[in-house]
Number of protein chains: 2
Amino acid sequence: MADRLDQVFAALADPTRRAILTMLLEDDMAVTDVAQPFAISLAAVSRHLQVLAAAGLISQEQRGRVKWCKLEPDALREASVWMQAFGMMGPLDLDAFERFLDTELGAGADD
Amino acid sequence: MADRLDQVFAALADPTRRAILTMLLEDDMAVTDVAQPFAISLAAVSRHLQVLAAAGLISQEQRGRVKWCKLEPDALREASVWMQAFGMMGPLDLDAFERFLDTELGAGADD
DNA sequence: GGTATATTCAACCATCCGGTTGAGCGATCA
DNA sequence: TGATCGCTCAACCGGATGGTTGAATATACC
């Protein structure tokens, strides 16, 4: 019952999984091709991919006997926003920041 | 051995530690005060703080018999940059940030 | 049909993680 | 000096994690 942020950050905490995401940045890949550069077993890579999929960081689509893996950057967005909040704000008072948010959102900020 | 990114993401993967960081956003705190809202032992919180410090996310300064904990947002910046590399996400999604305020600050420290 | 390919499952192992409790230790204060 | 406070350490426990190997499943090819 891990929170979504728990899953995303935990998935990102492993260097193999980060490397996989980086590979998928270029193109969708089959499981076997994802596994190719790594010195671990195919089964291990398959489970890494399951972790990434559970966190929503990738999606997997079965086509024939090949399972294609696709990066899903939306899952990163939530975590990225969480982190940027700290980077931006630093130790400053939240009330002021909430007022800032109200004016920003109220002004119809559309991304 | 663990890469710095490994440590940062692993530290962020725990909801208690994220709640601690959120608390420290408002002000520096002593270990005992950090532990106060949580239903776990002081020793457990102390170790959470050590994990955060090892990841560089907080710094700790001993003053008398009290150890003060201070947020260090720079460590987050590195991880945030890593995520930015996946592109497609704007610098700050205000809607997502509003959800962050609701969930992390609202539900915050009482888990 | 039979064989090769793509992927997962299951069992197992070592290690890590988050929690506990109880002892220990330096700093403070009456 | 002795009691208390603030915090950490050490040992322990149960469950998760990351790796392995070997069997299983399903699809594709000849």
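A, B, ... follow the sequence lines: proteins, then strands. Residue 1 opens every chain.
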Among B:V34, B:L49, B:I20, B:V66, side chain to side chain contact (heavy atoms under 4.5 Å, CB included) partner for B:M29:
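Exactly one pass, corresponding to B:V34.
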Comparing nearest nucleotides in DNA chain D, the 5'-proximal residue of the pair B:Q62, A:T16 is B:Q62
With nearest nucleotides of DNA chain D determined for A:D14 and B:V66 from heavy-atom distances, which residue corresponds to the more 5′ nucleotide?
B:V66
Which atom of [X] lies closest to which atom of [Y], heavy atoms considered:
X	Y	result
A:A75	A:A55	CB-O, 3.9 Å
A:P37	A:M23	CG-CE, 3.8 Å
A:S59	A:E72	OG-OE2, 2.8 Å

Tell me whether B:R17 contacts the main-chain N or O of B:H48 through its side chain, where contact means a donor paired with an acceptor under 3.5 Å.
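No: the side chain of B:R17 does not pair with the backbone of B:H48.
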Atom pair distance, as rounded to whole Å: [atom1] in [X] and [atom2] in [N]:
X	N	atom1	atom2	result
A:D33	C:dT5	CG	C1'	12 Å
A:L52	D:dG18	CG	C1'	14 Å
B:K67	C:dC25	NZ	P	16 Å
B:E61	D:dG6	CD	C1'	15 Å
A:I40	C:dT8	CD1	P	13 Å
A:L42	D:dG19	CG	P	13 Å

Considering every strand and a 4.0 Å limit on heavy-atom distances, what is the contact class for [X]: base, sugar-phosphate, or nothing?
X	result
A:A43	base
B:R17	sugar-phosphate
A:A10	nothing

Can you tell me which nucleotide in D:dA11, C:dT8, D:dT20 comes closest to the side chain of B:R47?
D:dA11
Looking only at side-chain atoms of A:H48, point me to the closest of D:dG19, C:dT7, C:dT20.
D:dG19
Distance criterion of 3.5 Å, no angle test: do you see the side chain of A:R65 paired donor-to-acceptor with the base of C:dT5?
yes
Return no unless some side-chain N or O of A:S41 is found under 4.0 Å from OP1 or OP2 of D:dT20.
yes
